[in-house]
> 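Structure in structure tokens, see below.
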Number of protein chains: 2
Amino acid sequence: MNGSGTRGAVTMHDVAAAAGVSVKTVSNVVNDYPHIRPATREKVQRAIDELGYRMNLSARNLRQGRTGIIGLALPELSLPYFAELADSVIRAAEDRGLVVLIEQTSADRQHELDVLTSERRQLTDGLIFSPLELGPDDADALKVPYPIVVLGERIFGGDWDHVTMNNVDGARAATQHLIDRGRRRIAVIGAHAGEAMGSAALRVLGYQTALAANGIPFDPDLVIEGGLWHRATGADCVERVIASGVEFDAVFGLNDALALGAMHALHAHRIDVPGTVAVVGFDDIEDAAYASPTLTTISPGREQIAATAIDVLMARIAGDTEPFRRVIADFSLIERESTAP
Amino acid sequence: MNGSGTRGAVTMHDVAAAAGVSVKTVSNVVNDYPHIRPATREKVQRAIDELGYRMNLSARNLRQGRTGIIGLALPELSLPYFAELADSVIRAAEDRGLVVLIEQTSADRQHELDVLTSERRQLTDGLIFSPLELGPDDADALKVPYPIVVLGERIFGGDWDHVTMNNVDGARAATQHLIDRGRRRIAVIGAHAGEAMGSAALRVLGYQTALAANGIPFDPDLVIEGGLWHRATGADCVERVIASGVEFDAVFGLNDALALGAMHALHAHRIDVPGTVAVVGFDDIEDAAYASPTLTTISPGREQIAATAIDVLMARIAGDTEPFRRVIADFSLIERESTAP
DNA sequence: GCTACGATTTACAACGTTAGAAAGATTTCC
DNA sequence: GGAAATCTTTCTAACGTTGTAAATCGTAGC
């Protein structure tokens with residue numbers, strides 16, 4: 001079936017025999033060992049090309065104790081934010097010659113714990129882990145015997161590397177932007193009452209900080225609860241503010257899906273965006289740029305998060321023993337039509 | 001750092017020594033070889049538990065020539081359809097004890113070709129490949145020396161397994177549903193003029209088939225071109241039909257994003273959905289269920305496609321030499337508010 | 001008690017690669 | 001010209017697992 005004769009693959013031994021050198025010399029050529037006579041290198045290279053030799057990675061992995069694969073554990077690819085994060089991580093990994101194995105935790109606590117001790121960890125050199133359900137109490141479970149980089153905010157102060165977006169400052173900037181546009185009655189939608197450390201709480205904190213910095217009183221009536229951060233929730237939140245009769249001239253959706261849903265509901269009520277109500281989101285998912293009007297949002301530095309996570313992880317895999325790092329990605333405000341003056 | 005003493009992992013040798021049996025017996029226990037005395041099995045199991053032994057997968061891979069990893073090559077995870085497909089494939093693989101390595105081709109022809117011969121193929125037992133740019137001319141490139149299952153419609157008649165959705169019949173059913181609801185002037189948006197074999201062409205074909213079956217004349221003015229299947233394109237298509245003055249009482253978006261964009265534009269024009277214009281999509285992405293009104297669509301059997309692809313691939317990996325299969329997944333019509341009577 | 005025949009267990013040799021050190025070439029320097 | 005230094009190449013063992021075949025055990029049949 002494959003071009004080159006026998007069923008089994010071509011090995012270094014075959015190449016060595018064809019080139020008239022030892023196996024180790026072939027290995028040296030393949031691995032760019034510096035001290036090789038040009039003539040030898042060429043001889044070997046020719047044999048490799050002629051025989052169509054491909055390295056057997058399992059053998060190399062066994063010998064070196066490395067696989068070149070990193071794990072990425074996240075809630076679900078169906079959620080646009082995580083799909084885009086995975087996209088970025090895969091690209092960043094590819095640039096560095098690594099490959100990514102994705103595991104979904106379905107936002108289930110037990111599943112998140114399982115991933116940490118799964119047999120799959122044998123197959124990966126390290127793990128990038130984006131938990132949604134684990135909290136400070138689970139810190140011990142994260143003390144694993146392999147390199148791990150944790151994404152997101154839920155677990156602080158542990159003994160591991162942490163790469164996160166700047167939820168507080170990002171939210172502050174989003175709010176400040178609305179204030180700069182003359183808005184004073186800013187509804188924030190998608191809040192989670194019970195939570196102290198999740199993205200919702202941190203973003204609401206940023207919102208409050210911005211209000212305070214501008215001497216605008218905080219009105220609890222403008223903080224709208226909303227569980228799942230879906231479009232439908234966003235629409236529902238807006239329906240509720242409107243029904244409540246509370247006045248507002250702007251909406252801060254704690255993520256883009258909420259903001260998009262909000263715009264939809266505003267539209268349904270013939271409320272002009274951004275004329276009457278300005279809207280801003282958070283995450284910069286692709287749809288935000290295609291909505292109408294296009295949505296102003298905070299870009300959380302997804303690419304940077306992905307690249308940094310991979311770099312930190314690679315350093316740990318290579319044996320780096322520096323103190324654990326906490327990296328906070330740079331965010332940026334993407335101004336679009338939904339907050340045009 | 002890890003609980004069990006020395007840096008290096010526990011091996012079968014350690015377990016064998018602790019249990020007082022040979023390495024092979026440990027291997028037999030681990031692999032559920034039937035002829036093992038219960039007492040022995042228990043002894044070994046206890047040693048395994050005590051030492052916290054985990055199989056070294058690289059070693060097994062080397063010995064068996066299998067990795068337990070399958071590759072999944074798709075355009076981009078940022079596209080919701082592919083993110084959801086990847087989700088389904090990963091779940092299906094997990095159910096069967098496999099693990100998935102995702103590679104993105106960025107919808108780039110060269111990149112799609114590269115994936116087929118990448119060094120990564122050494123790491124996977126087989127490949128599930130969803131090409132977007134390769135066409136019938138590239139058939140030779142798909143004759144690879146490892147198990148491969150091709151998704152999608154672009155390449156027919158080759159010597160490989162093929163799992164695909166039923167674009168023609170699905171589109172026919174979507175159109176028929178609109179006809180059943182009394183619609184006669186159905187605009188179809190997102191068509192690709194040049195294409196003969198892509199999803200766009202096949203779905204338009206299904207649309208025409210349904211019209212013909214019901215004796216409704218085909219009006220080319222109702223077929224609206226649209227390149228990228230994004231929400232913005234859908235909105236734009238609707239703007240164009242409206243501007244053209246052509247009458248219509250329904251819109252068939254060739255995918256959900258187009259349909260959602262269409263609903264948005266209709267809304268902007270104060271056109272009632274489904275009262276004045278009914279809308280139907282294709283793909284059943286998650287947003288379709290959260291839109292307002294919720295979107296009627298064709299569910300292309302994503303789960304089934306994923307499961308079937310994995311099953312076929314596993315059979316090939318196991319050495320199945322049956323003739324190549326072509327599986328067409330069952331679709332279903334999901335009726336929602338956008339086509340309510 | 002002895003033989004035969006499964007049931008269990010073991011010894012040994014791979015799987016294809018690379019680390020480490022030794023061996024062989026070649027060059028450099030007096 | 002010879003010794004030392006350096007560059008190249010080779011040799012020998014692993015890495016941890018499983019397939020094969022052979023060894024050992026246990027017991028049923030006579």
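Here is how names work: the chains are called A, B, and so on, in the same order as the sequence lines, proteins then strands, and each is numbered from 1. It should be emphasised that the depicted structure is a prediction, and the values quoted were computed from it without experimental measurement.
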> Name all residues meeting the side chain to side chain donor-acceptor pair (under 3.5 Å) criterion together with B:Thr40; count only those two or more places apart in sequence or in a different chain, and write none if there are none.
none
> Show me the side-chain donor-acceptor pairs of residues 21-29 of chain B shorter than 3.5 Å, one per line, residues at least two apart or across chains.
{"residue": "B:Ser22", "atom": "OG", "partner": "B:Lys24", "partner atom": "N", "Å": "3.4"}
{"residue": "B:Ser22", "atom": "OG", "partner": "B:Thr25", "partner atom": "N", "Å": "3.3"}
{"residue": "B:Ser22", "atom": "OG", "partner": "B:Thr25", "partner atom": "OG1", "Å": "3.2"}
{"residue": "B:Ser27", "atom": "OG", "partner": "B:Asn31", "partner atom": "ND2", "Å": "3.3"}
{"residue": "B:Asn28", "atom": "ND2", "partner": "B:Lys24", "partner atom": "O", "Å": "3.4"}

> Which residue pairs pass the salt bridge (Lys or Arg N to Asp or Glu O under 4.0 Å) test when at least one of the two sits in residues 68-94 of chain A, sequence neighbours left out?
A:Glu76-B:Arg91, A:Glu84-A:Arg302, A:Asp87-A:Arg91, A:Arg91-B:Glu76
> How bent is the helix from C:dG1-D:dC30 to C:dC30-D:dG1, comparing axes over its five end pairs at each side, to the nearest 10°?
40°
> Could you note down all residue pairs passing ring-ring contact (aromatic ring centres under 6.0 Å, His included) where residues 82-120 of chain B supplies at least one of them, sequence neighbours left out?
none
> Only pairs at least two apart or in different chains count here, so list each side-chain hydrogen bond (donor to acceptor under 3.5 Å, both in side chains) that has a residue in residues 304-322 of chain B.
B:Arg96-B:Asp311, B:Asp161-B:Arg316, B:Asp320-B:Arg325
> Enumerate the residue pairs fulfilling ring-ring contact (aromatic ring centres under 6.0 Å, His included) with a member in residues 17-44 of chain B, sequence neighbours excluded, ordered by first and then second residue.
B:Tyr33-B:His35
> What is the per-nucleotide protein-contact pattern of nucleotides 6-11 of chain D, from the 5' end, where B denotes a base atom under 4.0 Å from a protein heavy atom, S denotes such proximity for sugar-phosphate atoms only, and - denotes neither?
--SBBB
> So, the side chain of B:Glu112 versus the backbone of B:Ala107: is there a donor-acceptor pair under 3.5 Å, distance only?
no
> Determine which pairs satisfy salt bridge (Lys or Arg N to Asp or Glu O under 4.0 Å) with at least one residue from residues 54-71 of chain B, sequence neighbours left out, and list them in order.
none
> For B:Ala17, check side-chain contact (heavy atoms from CB on, under 4.5 Å) against everything at least two apart and list the hits.
none
> Please list, chain by chain and in numerical order, all residues satisfying side-chain contact (heavy atoms from CB on, under 4.5 Å) with A:Thr124, sequence neighbours excluded.
A:Ile69, A:Leu101, A:Arg121
> Taking only nitrogen or oxygen atoms into account, show me every contact under 3.5 Å that the protein makes with nucleotides 13-15 of chain D, one pair per line with its distance.
{"residue": "D:dA14", "atom": "N3", "partner": "A:Arg63", "partner atom": "NH1", "Å": "2.8"}

